[in-house]
Amino acid sequence: MMGDKGFQAKETGSFQFCPENILPRSFYARDTRVVAEELLGHYLVHFTEEGLAAGKIIETEAYLQNDPACHAARGMTRRNRVMFGPPGHAYIYFVYGMYYCFNAVTREEGVGEAVLIRALEPVAGISLMRARRGRKDLRDLCSGPGKLVQALGITGKQNGQDLTAGTLVICRGNRSGLEIIRTTRIGIKSGGDLPLRFYVAQNQFVSVR
DNA sequence: GTCCTGATCCTCT
DNA sequence: GAGGATCAGGACG
């Protein structure tokens, strides 16, 4: 659309995609809390016809099967079946009638656990993100689970997609020197006292400070 | 079938 | 800081 011209901006990030940097399935087939913490510093990357958009993962939450806040807590349903599938796939669900949230499925097949990606630091495709979000401020692009899905152009149709091959992948980043804070999760009622949220200290792109 | 709630975000006060 | 948007899933009858 013509209106997008107003959002043309220089790319500030230095992200470069290399297929060999895609995280392998074995990365996801581990304890969900470990995966949630170790996803910080890596890159969520989405290729579309409009171009590539990517962000550094700086905030995550773990959802465990025996955890009342987890969709899988009461067993498998049509909605949550992807969580019980093989690790390294996308679990994308619709909330509040208008937003989608993106999760990476963890653990071995048969266990319903996943990591919610809550915030990214935009690194590539920033003009595309601005157009999709209808906002200019860098901090308004990916600082929340619904926002980052919109900024990257992810849709509910990608629920179940393989994160180790294809157009939606997670790539290895540099995690050295990363200072990580562990705290309670955001926006849930039951299970809210569990320390299952992880974020990068001093990062201005987290969803809640 | 009805009713209620929600892993959110935006706009207003 | 409060309230509205907006709808699928799950609980219940």
Side-chain angles (χ1 to χ4, degrees), chain A residues 3 6-7 28 31-37 39-40 44 46 53 55 57-85 87 89-107 111-122 129-161 163 168 170 181-200 204-209:
Chain A
F7 295 106
Y28 302 95
D31 186 298
T32 302
R33 289 160 291 199
V34 172
V35 177
E37 179 166 357
L39 273 173
L40 299 178
L44 179 59
H46 190 208
I57 298 169
I58 53 128
E59 181 179 349
T60 61
E61 285 179 359
Y63 284 86
L64 312 178
Q65 194 169 336
N66 62 351
D67 159 7
C70 181
H71 291 171
R74 295 197 179 108
M76 184 159 61
T77 65
R78 198 171 63 211
R79 179 202 202 189
N80 67 23
R81 68 188 157 78
V82 172
M83 290 180 94
F84 289 86
H89 287 252
Y91 170 51
I92 299 163
Y93 67 90
F94 189 56
V95 265
Y96 294 109
M98 15 176 38
Y99 298 104
Y100 289 94
C101 291
F102 172 88
N103 298 249
V105 175
T106 58
R107 298 287 303 272
V111 180
E113 300 195 356
V115 174
L116 171 69
I117 308 298
R118 281 196 62 88
L120 306 175
E121 177 177 331
M129 292 186 188
R130 286 190 165 121
R132 285 168 173 158
R133 290 272 304 133
R135 332 223 142 232
K136 288 201 282 189
D137 189 333
L138 215 51
R139 288 165 304 186
D140 278 343
L141 300 180
C142 299
S143 55
K147 297 181 192 178
L148 70 91
V149 162
Q150 191 178 30
L152 292 195
I154 295 169
T155 74
K157 289 178 186 166
Q158 288 164 294
N159 186 33
Q161 197 162 312
L163 296 174
L168 181 58
I170 298 179
I181 311 270
R182 181 175 186 173
T183 180
T184 52
R185 294 173 295 182
I186 308 289
I188 55 171
K189 285 190 174 161
S190 48
D193 52 334
L194 299 170
L196 295 176
R197 174 180 179 231
F198 302 88
Y199 64 93
V200 176
Q204 62 180 323
F205 298 98
V206 296
S207 66
V208 179
R209 299 148 296 278

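Order of the sequence lines sets the chain letters (A, B, ...), proteins ahead of strands, with each chain counted from 1. What you see is a predicted model; the values in this text were computed from it and never measured.
Using a 5.5 Å limit on the distance between ring centres and a 30° limit on the angle between planes, the aromatic ring of A:Y96 counts as stacked on the six-membered base ring of B:dT8.
Nearest nucleotide to the side chain of A:H71, out of B:dA7, B:dC9, C:dG10: B:dA7. Looking at the side chain of A:I188, the nearest of the listed nucleotides B:dA7, B:dC9, B:dT11 is B:dA7. The side chain of A:T77 approaches C:dG10 more closely than any other nucleotide in the set C:dC7, C:dG10, B:dT8. Among the nucleotides C:dA8, B:dT8, C:dG10, the one closest to any side-chain atom of A:F94 is C:dA8. Taking every side-chain heavy atom of A:M98 into account, C:dA5 is the closest of B:dC10, C:dG10, C:dA5.
One finds a side-chain N or O of A:R135 lying less than 4.0 angstrom from the OP1 or OP2 phosphate oxygen of B:dT11. Phosphate contact (OP1/OP2 of B:dA7, side-chain N/O of A:R197, threshold under 4.0 Å): absent. For C:dG9, neither phosphate oxygen OP1 nor OP2 lies less than 4.0 angstrom from any side-chain nitrogen or oxygen of A:R74. Between A:K189 and B:dT5 there is no side-chain N or O to OP1 or OP2 distance below 4.0 Å.
DNA chain B is contacted by A:Y63, A:A69 of residues 57-69 of chain A, taking any non-hydrogen atom closer than 4.0 Å.
Between C:dG3 and B:dT5, the two P atoms lie 16 Å apart (nearest whole Å).
Judged by atom type and distance alone, A:Y93 reaches the base of B:dA7 through a side-chain donor-acceptor pair under 3.5 Å.
Whole-Å rounding puts the A:F102 CZ to B:dT8 C1' distance at 17 Å. Across the protein-nucleic acid pair, A:Y100 atom OH and C:dG9 atom P stand 10 Å apart, rounded to whole Å. If you take CE of A:M83 and P of C:dG9, they are 15 Å apart, rounded to a whole angstrom. Whole-Å rounding puts the A:F198 CZ to B:dA7 C1' distance at 15 Å. Note: OH (A:Y99) to P (C:dA8) measures 16 Å, nearest angstrom. B:dA7 atom P lies 11 Å from atom CG of A:N103, rounded to whole Å. Atom pair A:Y91:OH and B:dA7:C1' shows a separation of 9 Å (rounding to whole Å applied). Summarising the geometry, the separation between CD on A:Q150 and P on C:dT6 is reported as 14 Å, rounded to the nearest angstrom.
With sequence neighbours left out, the side-chain hydrogen bond (donor to acceptor under 3.5 Å, both in side chains) criterion links A:D31 to A:R33.
When side chains are defined from C-beta on, A:P145 does not count as touching A:E61, because their heavy atoms never get closer than 4.5 Å. A:I92 has its side chain out of reach of A:V149: every pair of non-hydrogen atoms, C-beta onward, lies at least 4.5 Å apart.
Counting non-hydrogen atoms under 4.0 angstrom, A:R185 reaches nothing in the nucleic acid. As judged by a 4.0 angstrom heavy-atom cut-off over every strand, A:M76 is placed among residues making no nucleic acid contact.
The minimum heavy-atom distance between A:V82 and A:A90, with the atom names listed, is CG1-O, 3.4 Å. Taking both residues in full, the closest heavy atoms of A:D67 and A:A73 are given as O-CB, 3.3 Å, listed atom of the first, atom of the second, then distance.
The closest side-chain donor-acceptor pair between A:R133 and A:Q150 falls under 3.5 angstrom.
Within a 6.0 Å radius of CZ in A:R182, more than 12 heavy atoms belonging to other residues, nucleotides or ligands are found.
The aromatic rings of A:Y100 and A:F94 lie tilted to each other, with the angle between the two planes from 30° to 60°.
Within the shown strands, B:dT8 is the pairing partner of C:dA5 under the Watson-Crick or G-U definition, both distances less than 3.5 Å.
Position along DNA chain B of the nearest nucleotide to A:L148 versus A:G97 favours A:G97 as the more 5'-ward residue.
Salt bridge present: A:R107 and A:E113 bring a charged side-chain N and a carboxylate O closer than 4.0 Å.
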